[in-house]
Amino acid sequence: AQWLHIEIIKANDLLPMDSNGLSDPFVEVHLCPSNLFPKCESMKTKVQKNTLNPTYNESFDYNISADNCREDFAVIAFYVFDYDFFAWRNDFAGEAYLPLRDVLGLSD
């Protein structure tokens with residue numbers, strides 16, 4: 001096993017999700033599919049209030065198998081949500097995926 005270090009630096013030009021024309025965004029990070037990474041829980045950044053260009057500067061570490069990362073379908077999933085204090089659930093704002101085989105340091 002080895003450590004995978006993920007840094008969430010910032011986002012730009014997010015969609016306005018609130019009535020004031022801004023958002024309260026945060027990012028959830030998942031290693032997928034879950035059957036390859038059963039012990040890796042999702043992580044999330046802190047909420048950045050009233051912005052469409054949040055700066056996070058947060059990092060997360062996962063202890064993972066390098067062999068699992070080389071699977072064609074293994075990805076890091078980044079989901080952006082707008083935090084809603086009064087709603088039952090947060091608003092989905094976007095997603096991005098990074099194949100783990102493309103991550104530096106995991107090549108054969």
Side-chain angles (χ1 to χ4, degrees):
Q2 67 184 58
W3 287 97
L4 174 65
H5 181 77
I6 299 172
E7 294 182 356
I8 309 295
I9 307 299
K10 65 180 181 174
N12 292 316
D13 302 320
L14 295 178
L15 295 173
M17 303 294 286
D18 294 336
S19 59
N20 64 1
L22 298 171
S23 287
D24 303 313
F26 67 94
V27 179
E28 283 189 6
V29 179
H30 299 259
L31 296 184
C32 302
S34 58
N35 66 317
L36 273 184
F37 307 102
K39 296 182 181 179
C40 296
E41 296 184 13
S42 65
M43 307 274 194
K44 64 181 174 179
T45 66
K46 294 180 176 120
V47 174
Q48 301 297 310
K49 299 273 188 182
N50 296 317
T51 182
L52 300 178
N53 300 292
T55 299
Y56 297 101
N57 289 324
E58 296 183 45
S59 60
F60 307 106
D61 293 303
Y62 290 98
N63 190 1
I64 56 172
S65 161
D67 288 338
N68 287 354
C69 292
R70 292 184 187 102
E71 295 287 342
D72 287 337
F73 46 85
V75 298
I76 306 170
F78 301 93
Y79 300 108
V80 180
F81 291 93
D82 172 53
Y83 176 76
D84 282 325
F85 182 76
F86 293 107
W88 282 100
R89 50 188 225 180
N90 300 306
D91 297 321
F92 176 79
E95 63 192 348
Y97 299 91
L98 175 64
L100 279 164
R101 69 178 179 274
D102 294 342
V103 173
L104 292 176
L106 292 175
S107 59
D108 293 328

With rounding to the nearest 0.5 Å, note down the distance linking [atom1] in [X] to [atom2] in [Y].
| X | Y | atom1 | atom2 | value |
| --- | --- | --- | --- | --- |
| E28 | K44 | CD | NZ | 6.0 Å |
| S59 | M43 | OG | CE | 10.0 Å |
| L15 | D91 | CG | CG | 11.0 Å |
| D84 | M17 | CG | CE | 8.0 Å |

Report yes or no: do [X] and [Y] belong to one cluster of Ile/Leu/Val/Met/Phe/Trp/Tyr joined by side chain heavy-atom distances under 4.5 Å?
| X | Y | value |
| --- | --- | --- |
| W3 | V103 | no |
| F81 | L52 | no |
| F85 | V47 | yes |

Hey, mind stepping through Q48 and T55 against side chain to side chain contact (heavy atoms under 4.5 Å, CB included) and telling me if it holds? CA-CA 8 Å; Q48 301 297 310; T55 299; 5.7 Å; no

So [Y] and [X], do their side chains get closer than 4.5 Å, heavy atoms only?
| X | Y | value |
| --- | --- | --- |
| I76 | V29 | yes |
| N53 | K10 | no |
| T51 | L22 | no |
| K49 | Y83 | yes |
| L98 | V75 | no |
| F26 | N90 | yes |
| Y56 | I9 | no |
| L4 | D61 | no |

Do side-chain atoms of [X] reach the backbone of [Y] as a donor and acceptor pair under 3.5 angstrom?
| X | Y | answer |
| --- | --- | --- |
| D18 | N20 | no |
| D82 | S23 | no |
| E58 | K46 | yes |
| S42 | H30 | no |

Looking only at heavy atoms, what is the nearest atom pair of T45 and F60, with distance? N-CZ, 3.9 Å

Return the minimal non-hydrogen interatomic distance between A74 and C69, and the atom names on each side. CB-O, 4.0 Å

Count the heavy atoms belonging to other residues, nucleotides or ligands that lie under 6.0 Å from CD of E71, then report whether that count exceeds 12. yes

